[in-house]
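Small disclaimer: the values here were computed from a predicted structure and weren't measured.
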Amino acid sequence: MKSASYGRAWADQKQKRGKSASLAQAILHALGCFLKMYVLKRGFLDGKQGFFDCNSICTLNIH
């Protein structure tokens, strides 16, 4: 996939600059994304569908 190769290139560049990522950072990023969409952008008003939408978008957005 083209997006995977771009992601890998981006990660390699970050690593060369001394930056690193961890599983904890990815989880916190996804949690923050979920809270922003579900609470601040009022995803809860859509009920169960809003919960699932916010959850799936933020799970896919882990970086």
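At distances below 3.5 Å, at least one donor-acceptor pair connects side-chain atoms of Gln25 with backbone N or O atoms of Ser22.
If you take CD on Gln15 and CZ on Arg8, they are separated by 7.5 Å, rounding to the nearest 0.5 Å. Summarising the geometry, atom CG belonging to Asp53 is positioned 11.0 Å from atom OH belonging to Tyr38; distances are rounded to the nearest 0.5 Å.
Residues Phe51 and Leu31 share a single hydrophobic cluster, defined by chaining ILVMFWY side chains whose heavy atoms lie under 4.5 Å apart. No chain of hydrophobic side-chain contacts below 4.5 Å, direct or via other Ile, Leu, Val, Met, Phe, Trp or Tyr residues, connects Leu28 to Phe34. Taken together through direct or relayed side-chain contacts under 4.5 Å among Ile, Leu, Val, Met, Phe, Trp and Tyr, Leu40 and Leu45 form parts of separate hydrophobic clusters.
Of all heavy-atom pairs between Cys54 and Gly43, the closest is SG-CA, 4.3 Å.
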